[in-house]
Amino acid sequence: MAESMTGLKRTCRCAELGTEHIGQTVTVMGWVQKSRNKGGIVFVDLRDRSGIIQLIFEESSVGSEGFQKAAKLRSEFVAAVTGEVARRSGAVNENLRTGEIEIVAKDIRILSESETPPFPIEENSKTKDDLRLKYRYLDLRRPDLQRNLMLRSEVTSEVRQFLTSEGFLEIETPALNKSTPEGARDYLVPSRVHPGSFYALPQSPQLFKQLLMCSGYDRYFQVARCFRDEDLRADRQPEFTQIDMELSFVDEEDVMDINERLLQRIFKRIGVEIELPLPRITWQEAMDRFGSDKPDTRFGMELKDVTELVKNCGFGVFTGAIENGGSVRGIRAEGQGAMPRKKIDKLVDFAKDFGAKGLAYLCVNEDGSYKSSFAKFMTEEELSALVQAMEGKPGDLLLFAADKNKVVWDVLGNLRLELARQMELLDKNVYHFLWVTEFPLLEYNEDMGRYQAMHHPFTMPMEEDLEYLESDPGRVRARAYDIVLNGTELGGGSIRIHQNDIQERMFEALGFTKESAYSQFGFLLNAFKYGVPPHAGLAYGLDRLIMLMAKEDSIRDVIAFPKVKDASCLMTEAPGPVDPAQLEELGIDLAERKSEK
């Protein structure tokens, strides 16, 4: 039977006690981690968010009734215990913060009993994700998840303190917006008052934060909830959180300076010292060296362009790709030359998933000879020149892709990461930051048959490239910048367009007529008629940031109640059907889906 805690006050959390508290009487409350009944004595580990403390129950100190209560304690019972802090009579537990002490119980109240949990509440649980997420309220009791969420809270607080000290104002923007194009798929919300019309949940506060600059608020930030209806992966959720900011009368250097100092401050929370300024590379250099616009620089294995070297060789796969305007590039996996053929074939299959038609390989044997998938098409001299260009050494594995640049970058960029995983080069205790700058302003969408913004339609082109906006749009670079950590894009931003004439040219390059631009973005374009300050901004993915700080592999482990891959919640069973009366009130008829044949 559960007891009341009337008249009882908790004096401290379990793991806030130490040897300096020996002799003091305290009251702790929490969940039973485990209980061990040794006959005349009961040992109980009590847990709360701070950690674990060992409790000792003896009839001589807690009384007969108290001892009987202690004997009833089971995993996940909630108990309140008053007792005296004492030095451990047994061996010290060096794995616990409270490992030198224990509480000799004088009084106990069982505040709540528990059924047997569907899985153990323990660190680094091996329980399947689906079961853990179904009982997320139990999963969240695990110490590792609690540390993650406490870290998230601390970092968010630190961000607010820092940005406020830098003159930023925290301003909330609407969650019910107008749906606009040029982004991911919106989550739509039907309007009861305006039948047939819909709000869209914000993918980001982008337009509103630019309007705040037009309104003279100078420096804005927000810890903003955002929503995107897109396919999920380890670092993506349908609802997520951004640290969003916008600044007036600044350039790239100002934005980067503030954010470098912000990162330096919050990473001190986990004992990581960041040396400033952070390194920078252009988008083109990132693609050429790493095959990615979010390169992981914790290891080498950089791409080498061997197009010129092999353009006249006898291997048709290489020469054909070059003749079609592509390139041939390779990576060197140090010490992997003895990799079995089956494993190499798996790498070939992996490459095909990213658009490769195949993958050429060359093993440099320990005796200096070569084993290669294309040796018969090239002379010994050509092979030696290729190995030399790749800086190959005995025992190395060289892998090559030949295709259009975009395909080659994608294939080798991902292959580089896969090899690094296999070779255990991805050290989670190392933090490599990097600014990537000068992104292309536009990218051509083959399916849509037109250019689209690589970031968004309000990104300022580089002044020296403006003349090519109509004649050669793919050549125009943006005043955009991404902050990358260990191969993950932490955040991105840009200098914004604030001149009407440039904004109109941008819309034209994207295929908008003046009418369609005003139809979609009229409220922003109208605001731009009344004096717009030069402005810029940046937004971080808070979930990704905490994931890397906590050394987790998925943002689900740093979000309290995440969704699974199909965007559903296993605990609440959302999304679910609604009462037909609600649909009728909204003027919505549900169409029956035709079954797939």
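All residue numbers refer to positions in the sequence shown, counting from 1.
Shown here for S50 and R13, the closest heavy-atom pair between the two residues is OG-CB, 3.4 Å. Nearest heavy-atom pair, D288 versus R329, reported as atom, atom and distance to 0.1 Å: OD1-NH1, 3.4 Å. Taking each heavy atom of S35 and A70 in turn, the nearest pair found is OG-O, 4.3 Å. Nearest heavy atoms, P575 versus A567: CD-O, 4.1 Å. Here the closest heavy-atom approach between residue R152 and residue V558 is recorded as NH1-O, 3.0 Å. Contact record, R228 with S204: NH2-CB, 4.3 Å, taken as the closest heavy-atom pair.
Only one option out of L55, N37, I53 pairs with V44 in a side chain to side chain contact (heavy atoms under 4.5 Å, CB included); it is L55. With respect to L247, the side chain to side chain contact (heavy atoms under 4.5 Å, CB included) criterion is satisfied by exactly one of L538, D254, V255: V255. Here the rule is side chain to side chain donor-acceptor pair (under 3.5 Å) with K551, and of N429, D557, N148 only N429 fits it.
Note on ring orientation: taking the six-membered ring where Trp is involved, the planes of H455 and F439 are perpendicular (angle over 60°, cut-offs 30° and 60°).
Looking at R136 and D139, a side-chain N of the basic residue comes within less than 4.0 Å of a carboxylate O on the acidic one, giving a salt bridge. Salt-bridge annotation for E253 and R280: present, with a side-chain N of the basic residue lying under 4.0 Å from a carboxylate O of the acidic one. Of the charged side-chain nitrogens involved, none lies within less than 4.0 Å of a carboxylate oxygen, so that D130 and K128 do not count as a salt-bridged pair. Using a cut-off of 4.0 Å between Lys/Arg side-chain N and Asp/Glu carboxylate O, E573 and K134 are scored as not salt-bridged. The existence of a salt bridge linking K268 and E158 is excluded, since no basic side-chain nitrogen approaches an acidic carboxylate oxygen closer than 4.0 Å.
Note that CE of M256 and CG of L276 are 13.0 Å apart. Values are rounded to the nearest 0.5 Å. Here CE of M29 is found 6.5 Å from CG of L111. Values are rounded to the nearest 0.5 Å. The distance from the CG atom of L417 to the CZ atom of F350 is 7.5 Å, given to the nearest 0.5 Å. Rounding to the nearest 0.5 Å places CG of L545 at 7.0 Å from CG of L263. Going from atom CZ of F119 over to atom OH of Y135 covers 8.5 Å, rounded to the nearest 0.5 Å. Separating the CG atom in L151 from the CE atom in M549 is a distance of 5.0 Å, to the nearest 0.5 Å.
Within 6.0 Å of NZ in K34 there are 12 or fewer heavy atoms belonging to other residues, nucleotides or ligands. Heavy-atom neighbours of W283 CH2 from other residues, nucleotides or ligands within 6.0 Å: above the threshold of 12.
Side-chain atoms of D244 never come within 3.5 Å of backbone atoms of F221 as a donor-acceptor pair (strictly under, hydrogens ignored). With hydrogens and angles ignored, the 3.5 Å screen pairs a side-chain donor or acceptor of R185 with a backbone N or O of D229. Of the possible donor and acceptor atoms, one in the side chain of R88 sits under 3.5 Å from a partner among the backbone N and O of I101. No donor-acceptor distance shorter than 3.5 angstrom exists from the side chain of E170 to the backbone of R160, with no hydrogens or angles considered. Under the 3.5 Å distance criterion, the side-chain polar atoms of Q33 are matched with a main-chain donor or acceptor of I121. A donor-acceptor pair under 3.5 Å is formed between the side chain of Y481 and the backbone N or O of S494. The backbone N or O of T11 sits nowhere less than 3.5 Å from a side-chain atom of T27 that would complete a donor-acceptor pair. Checking side-chain atoms of S157 against main-chain N and O of S153 turns up no donor-acceptor pair under 3.5 Å. Without hydrogens or angle criteria, R298 side chain to G487 main chain gives no donor-acceptor distance under 3.5 Å. Between the side chain of Q237 and the main chain of R556, no donor-acceptor pair closer than 3.5 Å is present.
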Practice task
Before giving the answer on side chain to side chain donor-acceptor pair (under 3.5 Å), spell out for T241 and R225 the whole-Å C-alpha distance, their side-chain angles and the decisive distance to 0.1 Å.
Solution key: CA-CA 5 Å; T241 306; R225 296 292 286 166; 2.7 Å; yes
Exercise for the section: Dump the intermediate steps for side chain to side chain contact (heavy atoms under 4.5 Å, CB included) on L169 and Y220, then the final yes or no. Expected result: CA-CA 5 Å; L169 301 174; Y220 139 95; 5.8 Å; no
Exercise for the section: Might you work through the side chain to side chain donor-acceptor pair (under 3.5 Å) test for R416 and S292, ending with a clear yes or no? Expected result: CA-CA 10 Å; R416 174 178 176 269; S292 171; over 6 Å; no
Practice task
Carefully, step by step, assess Y540 and I483 under the rule side chain to side chain contact (heavy atoms under 4.5 Å, CB included).
Solution key: CA-CA 9 Å; Y540 292 98; I483 182 70; 3.7 Å; yes
Exercise for the section: Would you sort out whether D396 and R332 count as a salt bridge (Lys or Arg N to Asp or Glu O under 4.0 Å), showing the intermediate values? Expected result: CA-CA 7 Å; D396 290 348; R332 177 176 72 94; 2.8 Å; yes
Practice task
Please step through side chain to side chain contact (heavy atoms under 4.5 Å, CB included) for the pair M245 and L262, ending with a clear verdict.
Solution key: CA-CA 12 Å; M245 67 183 73; L262 171 61; 4.2 Å; yes
Practice task
Might you work through the salt bridge (Lys or Arg N to Asp or Glu O under 4.0 Å) test for K342 and D345, ending with a clear yes or no?
Solution key: CA-CA 5 Å; K342 279 188 177 180; D345 288 343; over 6 Å; no
Exercise for the section: Check step by step if salt bridge (Lys or Arg N to Asp or Glu O under 4.0 Å) holds for K565 and D129. Expected result: CA-CA 11 Å; K565 194 172 182 181; D129 284 356; over 6 Å; no
Problem - Chi angles and distances behind the side chain to side chain contact (heavy atoms under 4.5 Å, CB included) call for K294, L490 - result: CA-CA 9 Å; K294 46 181 185 295; L490 280 187; over 6 Å; no
Handout entry: Test salt bridge (Lys or Arg N to Asp or Glu O under 4.0 Å) applied to R74 and E115, step by step
Key = CA-CA 9 Å; R74 298 290 181 270; E115 296 180 7; over 6 Å; no
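Defined by atom type and a distance below 3.5 Å, a donor-acceptor pair is present between the side-chain atoms of T173 and Q222. Donor-acceptor pairing under 3.5 Å is recorded for the side chains of Q422 and E418.
Two residues are said to be in side-chain contact when any heavy atoms from C-beta on lie closer than 4.5 Å; P562 and I555 fail this criterion. Side-chain contact between E552 and I546 is absent, with no heavy-atom pair separated by less than 4.5 Å. Between L96 and Q54, every side-chain heavy-atom pair lies at or beyond the 4.5 Å cut-off. A 4.5 Å side-chain heavy-atom check between C363 and M339 finds every atom pair outside the cut-off. Residues I258 and R219 meet the side-chain proximity criterion, which asks for heavy atoms closer than 4.5 Å.
Here E366 pairs with nothing under the side-chain hydrogen bond (donor to acceptor under 3.5 Å, both in side chains) rule; sequence neighbours left out. Residues meeting the side-chain hydrogen bond (donor to acceptor under 3.5 Å, both in side chains) test with Q24, sequence neighbours left out: none.
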